[in-house]
Novice: 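Let me begin by handing over the structure; questions about it come next.
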Amino acid sequence: MKNDKILESQDDYKYDFKDEDVTIYNTGKGLTEDVVRAISKAKDEPDWMLDIRLKAYHKFVEMSLPSFGPDLSEINFNDFTYFKRPSTAVESKWDKVPETIKNTFEKLKIPESEQKFLAGVSTQYESEVVYHNMLKEVEEKGVLFYDTDTALKKCPEIVKEYFGKIVSYADNKFAALNTAVWSGGSFIYVPKGVKLEKPLQSYFRINSELMGQFERTLIICDDDSDLHYVEGCTAPKYSNDSLHAAVVEIFVKKNAKCRYSTVQNWSPNIINLVTKRTLVEENGVMEWIDGNVGSHLNMKYPACVLAGKGAKGVCISIAVASNSQFQDAGAKMIHLAPDTSSTIISKSLSRRGGKVNYRGLVSIGPKAFNSRAKVECDTLILDDISSSDTIPTNIVSNNTSTIEHEATVSKISEEQLFYLMSRGLSEEEATQMIILGFIEPFTRELPMEYAVELNQLLKINMEGSIG
Amino acid sequence: MEKILKINDLHVSVGDKEILKGISLTVKPDEIHAIMGPNGNGKSTLLKAIMGHPAYTVTSGTITFDDEDVLAMSVDERSRKGLFLAMQYPKEISGVTNSDFLRAAINARNEKPISLFKFIKEIDKGIKTLKMKDDLAHRFVNDGFSGGEMKRNEILQMMMIKPELAMLDEIDSGLDVDAIKLVADAALKLKEETKLGLMVVSHYERFFSLMKPTHAHVIVDGKIVVEGDAELVEKIDTDGYDWLYEELKIKPLKEERPMVYSLGTCARNKRNVNE
C-alpha cells in the first residue's frame with residue numbers, strides 16, 4: 001500500500017467517525033445468529049467473514065466452558081451486549097466512572113483528556129503529534145497499521161490469508177465467541193526485511209474500538225522483519241462491559257522477530273479471557289512480555305508454536321492478584337521442529353486474599369530434536385489469606401531435548417524487611433521495594449515509561465496494605 | 001547536645017530462652033566500644049536488640065538514645081534517629097539496585113531528596129575508598145556478592161547514611177588483611193568527621209588494633225563480666241578467656257548451632273539405629 005493511502009485512510013476513519021456520532025447503534029442484550037449477522041452487516045463485511053462468524057457462533061454454542069482454572073459458570077452470556085457502534089456521546093458518562101478509578105488517574109498524574117480516553121468515555125486521545133510522527137516512520141517503511149475492521153476493508157486479501165489460521169474458532173469457547181462477534185483490535189503487517197526501530201504502540205491509535213470487548217489482533221512479521229508492538233498501557237482501563245474475550249494471532253516468518261508487550265490493568269469488574277498465539281517459522285523469534293494486574297478474573301496463556309527449525313519463543317510474565325482477584329495465567333511453548341528453544345519466566349504475586357496460578361505447558365514433539373526449554377516460575381505470597389498454585393505440564397517426546405523447570409514460592413522474609421528497615425525505610429516502603437525487586441525481571445523488559453508507570457501503579461495499589 | 005546511647009539492665013529473649021541477662025552500657029559520641037566474649041554468649045543479640053530485630057524480645061530493661069525511648073520505636077525510626085547496624089550476614093534483595101536502595105535510605109532521613117549529582121559523587125567516592133567494583137551502584141543489593149563485598153557494602157552504606165551510632169557486627173570476618181584495613185580506616189575517618197560512636201563486635205585482635213577501642217566489654221552468658229579499655233582487648237588476644245573464667249568462677253555457654261539435616265544423613269542415622 002502506498003504511503004499516502006495510509007494517511008488518507010486514517011483521515012477517512014476519523015471523518016467516518018464523526019459521521020457516526022449522531023446515531024448510536026447496538027444489537028441489544030444476548031447473542032443469537034441474527035445478532036452475528038447484524039454485526040457483520042453493520043460493518044459491511046465480505047461474505048467470507050460472515051461465514052466464519054456464523055461457523056464460530058455455532059461452535060460457541062456447542063462448546064462447553066474450559067474444564068480447568070477458575071469457575072466461569074457465573075457468566076450469563078445473555079447478559080451482555082455484543083456489539084455497539086461507538087459514539088463520542090459517551091463522553092457524558094465521565095460522571096459514571098467510579099471515583100476509585102478517577103483517584104488512581106489523579107495519583108498517576110494523567111491529564112484529564114487522557115484520563116477520559118483511558119476510561120473509555122473519550123474516543124480521542126489528544127496526542128496527535130506523537131501519533132503522526134510514529135505513523136510517518138511506519139508509512140515510510142510500508143508497514144500496514146490499522147484497526148482490524150479497517151484492515152478488512154483496506155487489505156482484505158491479507159486478512160483472509162491469516163485470520164483464524166493460528167487460533168481457530170474451534171480452539172476454545174472464547175476463541176469461538178471472539179470470532180463470532182469480534183470488533184476492533186490491531187492489524188499490523190511488517191513487510192520483508194523491514195525493521196522498526198521504535199516500538200509501535202496501540203496507545204496512540206485513534207480508535208474508539210480500542211476499548212472493545214472482543215478485540216481481534218492480527219500481526220504478520222514477514223521474512224527478516226523486526227517489530228516491537230506495545231499494546232495498552234498500565235493506567236486502569238474502565239469499562240462497563242464486564243466480559244472481555246480477545247484473540248491475538250501473530251505470524252513470525254523466517255528470520256523475523258516480534259516482541260509483543262502488554263500490561264493489562266482492567267477495572268475490577270472485568271472477566272478477561274484471552275487467547276494469544278504465535279506461529280514461529282524458521283529461525284524466527286517471538287517474545288511475549290505479558291503483565292496482568294487488573295480484572296476480576298483473568299485467564300491468559302500466551303503461546304508460541306515453534307514450527308520452523310531454530311525457532312525461538314520467550315514469555316516473560318507477571319500476574320498480580322489482590323482482594324477477590326483470580327489470575328490464572330501462564331504460557332505455552334509447543335516445539336514442533338528441531339533446534340527450537342523456549343524460555344518461560346513467570347512471576348506471580350498474591351495479596352489481600354487474591355489467588356494467582358501459574359498454568360503452563362511445554363511440549364517438545366517427537367520431531368523437535370535438539371530442543372531446549374526453560375521454565376522458571378516464582379511466586380510471592382504477601383499474607384496468610386492469599387494463595388497460589390503452580391500447575392506446569394512438561395512433555396518431552398524425543399531423546400535429544402531437555403526441559404529445565406524451576407519453581408519457588410516465598411513470602412517476604414522478616415530478615416529482608418529488617419535489613420531494609422534498619423536503613424530507615426518504613427515497613428511499607430521496604431515491602432514495596434522487595435516486591436518491585438521481585439518483578440524486576442519483567443519490568444526490565446518494558447519500555448522505560450511503561451516500567452516507571454507499572455512501578456508507580458503497584459506502589460499505589462499497595463498503599464495502606466501494611467499494618 | 002551529645003547523643004548518648006544508654007542501656008540499662010537489658011534482658012532479651014529469643015522465644016522462651018533468655019539470652020541477655022541484664023546488660024548495662026553507655027556509649028557516647030566519638031567513643032569506640034569493643035564488645036567481646038566467646039561465640040554464642042550474646043554479643044550479636046545485644047546489637048540486634050538495639051536495632052530492633054523482631055526475633056529478639058526485650059523482656060525488661062531500657063534503651064535510650066538522646067534521652068528518647070528506643071524500645072518504643074520501630075526499626076526504621078531507630079535508623080532515622082541515627083542508629084546503624086552493619087550486619088554479620090547482610091540480606092540480598094534481588095531486583096533492587098544498590099543505587100535505588102541507598103537513595104531511598106538517604107531520602108528516608110532527609111526532608112529533601114538528595115540530588116542525583118550529589119548522590120553519584122558520594123557513592124563514587126565511597127566505592128573508591130573501599131576499592132569496590134565500579135558497577136556497584138547498578139548491581140542488585142548483595143546479590144551474587146562475595147562475603148567480602150557484602151561487608152564492604154555495609155560500610156559503604158554507613159558512610160553514605162552517616163549515622164550517629166554505628167554497630168559493626170563481625171564486619172571484619174570474610175575480609176582479607178588489606179580489606180580489614182580499608183574498612184577500619186573508613187570507619188575511623190567517619191568517626192573523625194562526625195564524632196560517630198561505635199560498638200564493635202569482632203574476634204580478631206587485628207581489627208581492634210586498627211580501631212583502637214576506648215572501651216571494652218566482655219559478655220559471657222548474657223552478662224558483662226569484665227570491662228576495661230584497649231589493654232583488656234590485648235590481654236584477651238594473648239591469653240584467651242580461660243583466665244577470666246577461673247578468676248570469676250564462671251562458665252561460658254557453648255554456642256548452639258542449628259543442626260544441618262539432609263535426607264541422606266537422616267536415612268543413614270536411622271539405618272545405624274536399626275543396626
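Remember, predicted model here, so these are calculated numbers, not experimental data.
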Novice: Decide yes or no for A:Ile434 and B:Val96: does some side-chain heavy atom of the first lie under 4.5 Å from some side-chain heavy atom of the second?
Specialist: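 A side-chain contact is absent here, since even the closest heavy-atom pair is not under 4.5 Å.
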Novice: Flag the pair A:Tyr419 / B:Val75 as yes when at least one side-chain heavy-atom distance between them is below 4.5 Å, and no otherwise.
Specialist: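 They are not in side-chain contact.
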Novice: Check the surroundings of atom NZ in A:Lys355: do more than 12 heavy atoms from other residues, nucleotides or ligands lie under 6.0 Å from it?
Specialist: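 Atom NZ in A:Lys355 is crowded, with more than 12 foreign heavy atoms closer than 6.0 Å.
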Novice: Enter the distance from B:Glu92:CD to A:Ser413:OG here, rounded to the nearest 0.5 Å.
Specialist: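 Those atoms lie 10.0 Å apart.
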Novice: For B:Arg109, does the CZ atom have more than 12 heavy-atom neighbours from other residues, nucleotides or ligands under 6.0 Å away?
Specialist: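 Enclosed.
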Novice: For B:Lys162, look at atom NZ and say whether over 12 heavy atoms of other residues, nucleotides or ligands are found less than 6.0 Å away.
Specialist: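 Yes, NZ of B:Lys162 has more than 12 neighbouring heavy atoms, counting only those of other groups under 6.0 Å.
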Novice: Heavy-atom distance under 4.5 Å to chain A: side chain of B:Asp143, backbone, both or neither?
Specialist: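 Neither part.
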Novice: With a 6.0 Å cut-off (strictly less than), is the heavy-atom count around CG of B:Asn110, excluding the residue itself, greater than 12?
Specialist: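 Atom CG in B:Asn110 is packed in, count exceeds 12.
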Novice: Let me know if B:Pro90 has heavy atoms under 4.5 Å from chain A in its side chain, its backbone, both or neither.
Specialist: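 The answer is both parts of B:Pro90.
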Novice: Under 4.5 Å heavy-atom distance to chain A, tell me which part of B:Ile161 shows up: side chain, backbone, both or neither.
Specialist: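 Side chain only.
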Novice: Between B:Glu77, B:Lys48, B:Glu154, who has the most heavy-atom pairs with chain A when the cutoff is under 4.5 Å?
Specialist: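 With the most close heavy-atom pairs to chain A, the winner is B:Glu154.
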Novice: Taking side chain as everything from C-beta outward and backbone as N, CA, C, O, which of these in B:Phe140 sits under 4.5 Å from a heavy atom of chain A? Side chain, backbone, both or neither.
Specialist: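 The side chain, not the backbone.
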Novice: What closest approach, in Å, do B:Ala86 and A:Arg423 show between heavy atoms, and which atom pair accounts for it?
Specialist: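 Heavy-atom minimum between the residues: CA-NH2, 4.2 Å.
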Novice: Can you establish whether the number of heavy atoms outside B:Asp134 located under 6.0 Å from its atom CG is more than 12?
Specialist: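 No.
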Novice: Go through the atoms of B:Arg78 and report whether side chain, backbone, both or neither lie under 4.5 Å from a heavy atom of chain A.
Specialist: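 It is neither, since no heavy atom gets under 4.5 Å.
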Novice: Is there a side-chain contact between A:Phe418 and B:Met87 in this structure, where contact means two heavy atoms from C-beta onward sitting under 4.5 Å apart?
Specialist: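 A:Phe418 reaches B:Met87 side chain to side chain.
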Novice: Can you confirm whether more than 12 heavy atoms, excluding those of B:Lys191, are under 6.0 Å from its NZ atom?
Specialist: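 Yes.
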Novice: Go through the steps to decide whether B:His53 and A:Glu415 satisfy the test side chain to side chain donor-acceptor pair (under 3.5 Å), and finish with yes or no.
Specialist: CA-CA 8 Å; B:His53 192 291; A:Glu415 293 290 338; 2.9 Å; yes
Novice: Rounded at 0.5 Å granularity, tell me how far OG in B:Ser74 sits from CE in A:Met421.
Specialist: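 Reported to 0.5 Å precision, the distance equals 5.0 Å.
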Novice: Nearest 0.5 Å please: distance from the CG atom of A:Leu417 over to the CD1 atom of B:Ile93.
Specialist: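 Separation between the atoms: 8.5 Å.
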Novice: Any idea which heavy atoms bring A:Gly424 and B:Ala108 closest together, and the distance?
Specialist: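 The answer is O-CB, 3.2 Å.
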Novice: Pick from A:Arg444, A:Glu414, A:Glu440: which one has the most heavy-atom pairs with chain B under 4.5 Å?
Specialist: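 The residue among A:Arg444, A:Glu414, A:Glu440 with the greatest pair count is A:Glu440.
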Novice: Less than 4.5 Å to any heavy atom of chain B: does that hold for the side chain of A:Phe438, its backbone, both, or neither?
Specialist: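 Contact with chain B is through the backbone of A:Phe438 alone.
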